[in-house]
Structures are given as structure tokens and as C-alpha cells.
Amino acid sequence: MTADTVGGVWSYALELCRALCARGVRVELATMGAPLSSSQWQEARALPGLTVHESTWRLEWMDAPWDDVRAAGEWLLELEARLSPDVVHLNGYCHGALPVRAPVLVVAHSCVLSWWEAVKREPAPERYERYRAEVAKGLHAASVVVAPTRAMLEAVRRHYGALPDARIIPNARRAEDFVPATKEPFVLAAGRLWDEAKNLTALEAAAQELPFPIHVAGDATPPGNGAVATTRSTRPLGHLPPPVLARWMARASVYALPARYEPFGLSALEAALAGCALVLGDIPSLREVWGDAARFVPPDDPRALARTLRFLMSHPAERESLAARGRQRALTFTSERMVEAYLQLYAGLLRPERRVS
């Protein structure tokens, strides 16, 4: 399995690895993007049956990645030849076209073209044509493609063409890692502050009108040489290790994610398990996941966001009812459900008629 270390794919991969290892599956995890942090190493080393192969190759969505993508592909081929896996599970696209012997599963977590369409409200510029071609090549070479929501799967098909075999398997988190505590009068948000998709700048604008604090957890410095994101009205917490962020979620009354683009939203799932009322961007993927278990606001309307947050914070019964619906919904996205779906998919790939000769 591959995973990048700079986003939510890491949380997804570790959750799935934990569940697979508990079923007796041996997992070799090849990481890219950045060195693992101490907290990431701690998570990985806690899983018997998991071996991590660390690299720092640039990811396909980063600027000028192609020399690194090629080198990472050679590294993955060497690993596959040495380890002889039954299935290659890729959490990126381009390496789906590698000439590996095992069947290949590619998971569509997000992509630059759908990000650009949702965030910039226009097609991605011509400079991403190679990205489009390389991603399409990887998708169409894969034995099967998985997406966490129907909305993400439809986006992949729209940008890269019809897929021969595709499935929807929702993401998951363990409820025991996100236990509600006594709620306190503040709003929490989490995400990369520099990522326009998370739209945390809307909280900056909304916070100016609110009498309670909004705390924001997440990196302020983008990969490469981008400008550091700054905050004035919200209260930055910086990057928090997962257990620390879980404790903040346990205490928060409301979790806000006014996203313009979010193919699934693992942080919202974590917050709902921790008993937060959810206020989310009104986009198809989040509507699909949460239904009536969240309040939705237009991503580009900070005043609507402020009104919704003010209402929930000043009406405890409404807030607690929403939080209860959210937690009930969140408890359906179990690791057991996710791993069972993947194990069935792996088994199908290993049938004699699906084996790669």
C-alpha cells in the first residue's frame, strides 16, 4: 500500500492498515511526500503486521513532480519485486500504470482537476495537461478504482473518462479514539490553513461577528515556498498530533468545515464521533455523507456561516440534537465495515480469472 504523509490520506491508510492487521493481513506501507513525523511513526509502530518503507519523493499533485514520480515508480517496482505482494493498493494515481505483477487497486481520494473546478470555479489551466494525462493513464491501467463517495467517483469519471471497474467504499474512523467530553463554548475547525478548499478564511470573516472563540488546528505553511497563512480573528492551534486534536474535538461544542471541496471529510467524521455539532460547506460530497445530520452553509457566505454558528451556540437544545444525529450517523462509518469491503475487493482481484499473468 502507498500513502502520502502530508494530508488526510495518512489517517485513512493507518485506519485501514490497523483493521487489516487485526484480520491477520500483512501490510507493507510505502510512504511518500515528506518524512514521517514522530507521531506518525508512533502510530505505525503500534500496529503488529505493518512494515513501513519511508521515502520523500514529491507527490504527483505538487509542483514539478515528474522526476520524483518516475523515481518513486522505480522504487515501488523494486519493492514489489522483493516483497511479492498479493495486491498493490495505491492511494495515488500515476503509479497505477506501473508494470507490476500483482493486481492494482487505485483509490481516488481527491485530484487537482476536481479541486480546481470546485475552488477556482473554472477548468484547471493548461499547465496541468500532463497531470491529467498521467492520472488518466494510471486510472485506466488499474484493475479497479475506489472512491469514498459517489460525488468523488463522478468527478473522476468526468475529468478522466469512463472506468472499467469502480466501487464506492466510505472512509472510517474508530469511535473509541474520539470520545465526547463535557462540551465547552467554542467552535473548532481543523485543516491546512493555506488550502483554499478547506475555506478556513470564511471562519476568519465569520469570527469577527461572534462572541465566542473559534480555534483552528492545522499547518499554516504550505509545501514548497508558499506564503505562510495568517489569522487575526480565529485562534490558531498549529499542527496537533492526532490524540491532542481528538481531545480538542471532545471539548468543542461545534465543528465547522465550510469547505468548497472535500471528497469525504475525515475530520468531520472524527468531530461527529467526538460529539460536535457539524456545520459544513454545502457541497454534494458532504451532503451525501451527512444528510440531515449536519447544518450546511454556502461556502462563500461568511455571514450565513456566522448566523448558523451563533444560532447553534445560543440554542443548546438544537445544538445537542444536531450533535446526537451527527454521532449516530458517524457510528455507521466503522472500520469493520470499511475493511470488510476492501477484503472482499481484494479477494475478487485474486480470483484466477483476475490474476495478472
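Computed from a prediction, not measured in an experiment: that's the story for all the values here. Each residue takes its place number in the sequence, starting with 1.
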One pair to check against side chain to side chain donor-acceptor pair (under 3.5 Å): Y261 and S110. What are the steps and the verdict? CA-CA 9 Å; Y261 177 76; S110 64; 4.6 Å; no

Run E320 and K183 through salt bridge (charged side-chain N to carboxylate O under 4.0 Å, His left out) and show every step you take. CA-CA 10 Å; E320 291 165 10; K183 293 300 181 181; over 6 Å; no

Test R192 against K198 for side chain to side chain contact (heavy atoms under 4.5 Å, CB included), laying out the working first. CA-CA 7 Å; R192 300 180 293 268; K198 304 298 183 188; 4.2 Å; yes

Are F264 and F333 close enough, and set up right, to give a ring-ring contact (aromatic ring centres under 6.0 Å, His included), and what steps lead you there? CA-CA 12 Å; F264 181 84; F333 294 100; 5.7 Å; yes

Would you check, one step at a time, whether the test side chain to side chain contact (heavy atoms under 4.5 Å, CB included) holds for L349 with V144? CA-CA 8 Å; L349 293 174; V144 64; 4.0 Å; yes

Between T31 and E54, is the side chain to side chain donor-acceptor pair (under 3.5 Å) condition met? List the steps. CA-CA 5 Å; T31 66; E54 184 184 27; 5.3 Å; no

Where do R127 and E129 land on the salt bridge (charged side-chain N to carboxylate O under 4.0 Å, His left out) test, with the steps shown first? CA-CA 6 Å; R127 69 176 181 271; E129 179 55 31; over 6 Å; no

CA sep, side-chain torsions, deciding dist, call: R121, D300, salt bridge (charged side-chain N to carboxylate O under 4.0 Å, His left out): CA-CA 12 Å; R121 308 294 174 86; D300 297 315; 2.8 Å; yes

Side chain to side chain contact (heavy atoms under 4.5 Å, CB included), that's the test. Do L98 and L76 meet it? Break it down for me. CA-CA 9 Å; L98 291 174; L76 292 174; 4.1 Å; yes

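R58 contributes a side-chain N or O that, together with a main-chain N or O of D63, makes up a donor-acceptor pair within less than 3.5 Å. Under the 3.5 Å distance criterion, the side-chain polar atoms of R26 are left unmatched by any main-chain donor or acceptor of G49. Judged purely by atom type and a 3.5 angstrom limit, N199 uses its side chain to pair as donor or acceptor with the backbone of P299. Listed for the E288 side chain is a donor-acceptor partner under 3.5 Å among the backbone atoms of A151. A donor-acceptor pair is defined here as one N or O able to donate and one able to accept, closer than 3.5 Å; such a pair exists between the side chain of T149 and the backbone of P263. Between the T5 side chain and the G33 main chain, no donor and acceptor come within less than 3.5 Å of each other. Side-chain atoms of E80 do not come within 3.5 Å of backbone N or O of P85 as any donor-acceptor pair.
Here CG of L153 is found 6.5 Å from CG of L163. Values are rounded to the nearest 0.5 Å. Of the inter-residue distances, the one linking L29 atom CG with C17 atom SG reads 5.0 Å to the nearest 0.5 angstrom. R337 CZ to L331 CG: the interatomic distance, rounded to the nearest 0.5 Å, is 12.0 Å. Going from atom CG of L257 over to atom CH2 of W290 covers 10.5 Å, rounded to the nearest 0.5 Å. In this structure, M32 CE and T56 OG1 are separated by 11.0 Å, a value rounded to the nearest 0.5 Å. Distance OG/S267 to OH/Y255: 3.0 Å, rounded to 0.5 Å.
No side-chain heavy atom of R295 sits less than 4.5 Å from a side-chain heavy atom of L280. Side-chain contact check for P236 versus V216: every heavy-atom pair is 4.5 Å or farther apart. V187 has its side chain out of reach of S253: every pair of non-hydrogen atoms, C-beta onward, lies at least 4.5 Å apart. Under the 4.5 Å side-chain criterion, counting only non-hydrogen atoms from C-beta, L105 is not in contact with L90. Side-chain contact between R327 and P180 is present, with heavy atoms from C-beta onward closer than 4.5 Å. Side-chain contact check for E28 versus L79: every heavy-atom pair is 4.5 Å or farther apart. L20 places a side-chain heavy atom less than 4.5 Å from the side chain of Y346. Using a 4.5 Å cut-off on side-chain heavy atoms (C-beta onward), L203 and L309 make contact.
The residues E209 and R307 are annotated as not salt-bridged, no charged nitrogen and carboxylate oxygen being separated by less than 4.0 angstrom. In this structure, R70 pairs ionically with E74, as a charged nitrogen and a carboxylate oxygen lie closer than 4.0 Å. The pair E154-R158 does not count as a salt bridge, with every side-chain nitrogen at least 4.0 angstrom from each carboxylate oxygen.
Closest of all the heavy-atom pairs between G73 and H95 is N-NE2, 3.4 Å. Taking each heavy atom of L278 and A268 in turn, the nearest pair found is CD2-O, 3.7 Å. The two residues G291 and F296 have their closest heavy-atom pair at O-CE1, 3.1 Å. Contact record, V69 with C94: CG1-CB, 4.1 Å, taken as the closest heavy-atom pair. Across W115 and E196, no two heavy atoms sit closer than the pair CH2-OE2, 3.9 Å. Residues P65 and E60 approach most closely at CG-O, 3.5 Å, considering heavy atoms.
Checking E15, E340, R18 one by one against S335, the side-chain hydrogen bond (donor to acceptor under 3.5 Å, both in side chains) holds for a single residue, E15.
With hydrogens and angles left out, the side-chain atoms of S314 and R310 include no donor and acceptor closer than 3.5 Å. Neither side chain, H89 nor Y342, offers a donor N or O lying under 3.5 Å from an acceptor on the other. E204 and T234 form a side-chain donor-acceptor contact under 3.5 Å, judged by distance and modelled atom types alone.
Connection of W61 to V156 is established within a shared hydrophobic cluster, with ILVMFWY side chains joined at heavy-atom distances below 4.5 Å, either directly or through further cluster members. Under the 4.5 Å side-chain contact rule for hydrophobic residues, V9 and V145 do not share a cluster. At a threshold of 4.5 Å between side-chain heavy atoms, the hydrophobic network of Ile, Leu, Val, Met, Phe, Trp and Tyr places V179 and L266 in two separate groups.
Remark: R130 CZ is packed, more than 12 non-hydrogen atoms of other residues, nucleotides or ligands lying under 6.0 Å away. More than 12 heavy atoms of other shown residues, nucleotides or ligands fall within 6.0 angstrom of atom CZ in R23. With a 6.0 Å radius and a threshold of 12 heavy atoms from other residues, nucleotides or ligands, E126 has its CD atom at or below the threshold. Within a 6.0 Å radius of CZ in R174, more than 12 heavy atoms belonging to other residues, nucleotides or ligands are found. Taking a 6.0 Å sphere around CD of Q328, one finds it holds 12 or fewer heavy atoms contributed by other residues, nucleotides or ligands.
Stacking of R251 on the aromatic ring of W248 is recorded, both the 6.0 Å distance cut-off and the 45° axial limit being met. By the 6.0 Å and 45° rule, R173 does not stack over the aromatic ring of F178.
Between H215 and F186, the ring-plane angle classifies as perpendicular under the 30° and 60° cut-offs.
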